[in-house]
Amino acid sequence: MRKLSLITALVLGFLVSPAMAEIIVVATSGDVGLQAGQKLDPADQISLQQGARITTLSKTGAMRVIDGPYSGPVDAQDEAPKGGTAVAQWDAVKTFLGDPDARTEVVGASRSAKVDLFAAPSSIWDVSVDSSGPRCTRASGLVLWRKNPTLPLTVSVRGPGVRVTDLDWPKGDNALALPETFAPEDGRMVVSLDGNLRELSVKVLPKELENAAPGQLLVWLVDNKCARQAQALIAHVHARTEIR
């Protein structure tokens, strides 16, 4: 598997004005001569050798994976994402990622991060319970995920208006699908793992974004502080694997 370099904290943090940084490199692998987080003008010419790959994000929310050999402009040729542009969300995304001009601290974002697809959930929508914090999910169901499945667990979940108790999480299983009767809603969710509590702030993907382009999903994830899921989305796009 190609070595993957991701700098999620720089994905959008370099957007300074509408006239600058219309294309940003969000992931690289191989010898590309570019860095994740680097700003490029759409007309900039790039040259990629065999085995090199970059993934870019434009201000419209469009993402493009470019494989070498390639020589030409970096401008994405993809059609505009469904549902319009994501430009209106740039400021919120920059604030979350710790833009130098934003008066906030970086929350859960690292200037340099690597994502291992084999150690990450198979779906970007799986909700990690290895720690507390913000999580994003779809309305179609909620799946809990843990990195280390060496022990069986008894799980209870409390969310807005819903309580599920005494679920068995078998040894060896990374994922645990909650019963269909559990409809995820925005708000605070408490997960008990053999009495060890995780407090999650859950955001449910809006219906209008269910078929959104990856770039728009990325902006929504970052806007809702789901940094690890945003990193996983970038990794899946860069690896050309299905986003589930």
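Since the structure is predicted, the reported quantities are computational estimates derived from the model, not experimental observations.
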Report the residues that fulfil side chain to side chain contact (heavy atoms under 4.5 Å, CB included) with L197, sequence neighbours left out, ordered by chain and then residue number.
V190, S192

Please output the side-chain donor-acceptor pairs of residues 166-180 that fall under 3.5 Å, not counting sequence neighbours, one pair per line with the distance.
unit_1 : atom_1 : unit_2 : atom_2 : d
W169   : NE1    : D173   : O      : 2.9
N174   : ND2    : R146   : O      : 3.0
N174   : ND2    : K147   : O      : 3.3

Minimal non-hydrogen separation, V164 against F182, with atom names:
CG2-CD1, 3.7 Å

Closest contact, heavy atoms only, P73 versus A43
CB-O, 4.4 Å

OG on S71 to CD1 on I66, rounded to 0.5 Å:
11.0 Å

Residues in side chain to side chain donor-acceptor pair (under 3.5 Å) contact with T165, at least two apart in sequence or another chain:
none

Qualifying residues under salt bridge (charged side-chain N to carboxylate O under 4.0 Å, His left out), relative to E199, sequence neighbours excluded:
R188

Heavy-atom pair with the smallest gap, counting every atom of E185 and V202
O-CG1, 3.8 Å

Separation between CG (L48) and OG (S29), nearest 0.5 Å, reads 9.5 Å

Would a hydrophobic clustering, with Ile, Leu, Val, Met, Phe, Trp and Tyr connected at side-chain separations under 4.5 Å, put L40 with Y70?
yes

CG of L205 to NZ of K207, rounded to nearest 0.5 Å, is 12.0 Å

Is the number of heavy atoms from other residues, nucleotides or ligands within 6.0 Å of CG (D194) greater than 12?
yes

Could you give all pairs that pass the disulfide (SG to SG under 2.5 Å) test and reach residues 164-196, with sequence neighbours left out?
none

Is there a side chain to side chain contact (heavy atoms under 4.5 Å, CB included) between V155 and V191 once you walk through the steps?
CA-CA 7 Å; V155 180; V191 180; 4.0 Å; yes

Within the structure provided, determine whether D44 and D41 are in side-chain contact (heavy-atom separation under 4.5 Å).
yes

Ignoring hydrogens and angles, tell me if any N or O in the side chain of T241 forms a donor-acceptor pair with the backbone of H236 under 3.5 Å.
yes

Do N224 side-chain atoms and C226 backbone N/O form a donor-acceptor pair below 3.5 Å?
no

Taking side chain as C-beta onward, heavy atoms only, is V32 less than 4.5 Å from I46?
no

Heavy-atom side-chain contact between R198 and L193 under 4.5 Å
yes

Beyond-backbone contact of L144 with V157, side-chain heavy atoms, under 4.5 angstrom
yes

Should I124 and V143 be counted in the same cluster of Ile, Leu, Val, Met, Phe, Trp and Tyr side chains packed under 4.5 Å apart?
no

Out of curiosity, T28 OG1 to H238 NE2, how far, rounded to the nearest 0.5 Å?
6.5 Å

Are any of the side-chain heavy atoms of V65 and R53 separated by less than 4.5 Å?
yes

So which heavy atom on L217 is nearest to which on L209, and how close?
CD2-O, 3.7 Å

Any side-chain hydrogen bond (donor to acceptor under 3.5 Å, both in side chains) pairs touching residues 127-139, not counting sequence neighbours?
S131-R135

Testing the basics here: between G187 and P160, what is the closest heavy-atom pair and its distance to 0.1 Å?
CA-CG, 4.3 Å

Are any non-hydrogen side-chain atoms of W125 and C136 less than 4.5 angstrom apart?
yes

Looking only at heavy atoms, the pair that brings A52 and D31 closest together is CB-O, 3.7 Å

Residue list, salt bridge (charged side-chain N to carboxylate O under 4.0 Å, His left out) with D186, at least two apart or on another chain
K203

Applying side chain to side chain donor-acceptor pair (under 3.5 Å), name anything that partners N196, two or more places apart in sequence or on another chain.
none

